[in-house]
Number of protein chains: 2
Amino acid sequence: MDAVGDGVTRWRRVADGIRAAIGDGTVADRLPPEAELAERFGVNRHTVRRAIAALAADGLVRAERGRGTFVSGGAPRLAYEIGPRTRFSENLLAQARRPGGRMLRAAIVPADAETAALLDCAPGTDLHRVESIREADGVPLSVATAWYPAARFPGLVAALVETGSVTEALRREGLADYRRRETRVTAERLSAADAEHLSSSADGLVLVARAVNVDLSGRPVQALVTRFHADRTELVFRS
Amino acid sequence: MDAVGDGVTRWRRVADGIRAAIGDGTVADRLPPEAELAERFGVNRHTVRRAIAALAADGLVRAERGRGTFVSGGAPRLAYEIGPRTRFSENLLAQARRPGGRMLRAAIVPADAETAALLDCAPGTDLHRVESIREADGVPLSVATAWYPAARFPGLVAALVETGSVTEALRREGLADYRRRETRVTAERLSAADAEHLSSSADGLVLVARAVNVDLSGRPVQALVTRFHADRTELVFRS
DNA sequence: TGCCATTTGTTCGTATGTATT
DNA sequence: AAATACATACGAACAAATGGC
């Protein structure tokens with residue numbers, strides 16, 4: 001490098017400087033332009049951009065081309081409760097949010113090894129695969145992919161389209177009730193396709209919840225992978 | 001720019017090219033040096049670096065200074081089960097993993113509003129704040145911050161240091177048993193400090209689990225924020 | 001409507017620092 | 001000790017989106 005004070009890189013010191021300015025309220029909403037920051041910190045504009053990229057990665061700021069770079073005001077997350085009787089609509093209505101959503105795709109696919117194990121069926125078994133988006137107050141919240149044994153629920157997709165409700169569609173197919181057996185949660189980066197569906201910036205995060213729902217006798221009826229927008233959601237588990 | 005084929009930026013096309021090469025096995029373990037990639041794709045080395053940074057952000061590759069850039073072979077995640085009686089050591093031993101860890105810091109701090117609400121005490125109440133790292137087979141798994149009412153457990157920190165076990169330390173302080181009331185899960189980017197503790201690249205992800213543990217009469221005894229390394233962990237909730 | 005200044009995004013060039021082999 | 005390879009930093013130019021006039 002060149003004349004560096006300590007062992008810390010310049011872009012880190014710029015990032016810390018901006019972070020401090022946000023912390024003490026010196027910059028409330030919008031950051032000065034990159035060119036001005038570069039001059040003020042006595043570094044190249046690239047160095048400022050590297051610093052801002054780091055802050056953006058921490059979710060502290062958000063850069064918008066042609067407009068500027070803004071301090072991201074953290075909106076409160078929706079608390080999505082997951083338990084034995086998780087139902088999307090009930091969950092949202094309990095928090096005075098309007099549930100919504102739509103089906104993206106539906107197809108019949110052969111079960112791969114992983115899904116077959118979850119649904120306790122033979123690999124290759126015909127499954128309905130249904131992809132859908134779920135919204136709260138019109139804001140996309142999650143993208144979900146669900147698999148159902150096709151032989152057991154032959155008219156499922158039509159019922160889903162007609163009712164718009166998983167619970168109601170399964171009821172029409174003869175399933176009185178179901179409950180969630182287990183949920184496995186991981187975190188991933190938003191894929192480009194999901195970013196579009198969730199109308200989010202491309203560098204967002206998702207909470208991935210993999211679940212199995214079973215009927216009252218314990219037979220799996222649905223394998224579910226839901227990708228929740230991490231900035232808008234918090235998953236709640238009660239013990 | 002200059003002669004661009006379509007509306008896609010060059011670094012994205014380079015990234016897609018590398019991604020494809022990884023996908024079809026053309027590059028199995030190690031990427032060619034940046035200079036060679038630059039020449040092969042007919043772009044500047046900076047453009048290659050931008051592409052590699054994006055792939056690294058997706059967790060697909062991992063750059064090591066002086067050595068090269070490597071395809072990160074996804075190790076299977078540790079399934080960390082969370083329930084009413086979550087105990088770290090038991091959890092790991094059940095999967096034939098060796099539990100470990102160490103305390104990072106301990107201090108007495110006044111309760112802020114949020115923690116006070118969780119622990120059902122007045123804001124400003126003295127709390128032990130204990131930060132620690134937990135490991136599986138010597139690999140850092142999570143960084144945890146715990147708050148305990150100091151008045152109720154005066155000798156807690158000494159007991160934690162001596163026993164290395166939360167359950168055992170609380171028992172010495174007169175708490176026979178405790179259970180988890182609820183867990184709230186979010187996803188965040190790894191902070192610089194946590195990245196060091198978890199010996200991870202700076203652009204990793206964490207699963208943040210916020211929990212409250214209560215005694216048998218339902219009184220909160222511990223507020224807990226655990227940041228799990230998302231690449232190494234999967235949280236499992238049974239209903 | 002279109003033009004223009006502002007601001008972030010991309011790309012190239014060049015040089016030097018630092019860790020690994 | 002030398003070569004290799006990634007990391008940081010500066011300079012310059014143009015592209016693309018936004019917003020005001």
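Per chain, numbering begins at 1; letters A, B, ... match sequence-line order. Since the structure is predicted, the reported quantities are computational estimates derived from the model, not experimental observations.
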Tell me which of Arg65(A) and Arg50(A) sits closer to the 5' end of DNA chain D, going by the nucleotide each one is nearest to.
Arg50(A)
No-hydrogen, no-angle side-chain donor-acceptor test under 3.5 Å, Thr115(A) and Asp112(A):
yes
Taking every non-hydrogen atom, the tightest pair across Ala230(A) and Leu207(A)
CB-N, 4.3 Å
Please report the distance, rounded to the nearest Å, between [atom1] in [X] and [atom2] in [N].
X        : N       : atom1 : atom2 : value
Arg10(A) : dT8(D)  : CZ    : P     : 13 Å
Arg67(B) : dA19(C) : CZ    : P     : 15 Å
Arg45(B) : dT8(D)  : CZ    : P     : 11 Å
His46(B) : dG13(C) : NE2   : P     : 10 Å
Glu34(B) : dT18(C) : CD    : C1'   : 14 Å
Ile52(B) : dT8(D)  : CD1   : P     : 14 Å
Glu64(B) : dT21(C) : CD    : P     : 9 Å
Glu39(A) : dT7(C)  : CD    : C1'   : 16 Å

Identify which nucleotide among dA9(D), dT8(C), dA7(D) has an atom closest to any side-chain atom of Ala63(B), counting heavy atoms from C-beta outward.
dA7(D)
Counterpart base for dA1(D), defined by Watson-Crick or G-U wobble contacts under 3.5 Å
none
OP1 or OP2 of [N] under 4.0 Å from side-chain N/O of [X]:
X        : N       : result
Thr69(B) : dA5(D)  : no
Thr47(B) : dT10(C) : no
Asn44(B) : dG13(C) : yes

So do Arg129(B) and Thr145(B) actually touch side chain to side chain, heavy atoms under 4.5 Å?
yes
Between Phe237(B) and Phe237(A), what is the ring plane arrangement, given parallel below 30°, perpendicular above 60°, and tilted in between?
parallel
Could you tell me whether Arg30(A) contacts a base, only the sugar-phosphate backbone, or nothing, with contacts defined as non-hydrogen atoms closer than 4.0 Å?
sugar-phosphate
Glu64(B)/Arg62(B) ion pair, N-O < 4.0 Å
yes
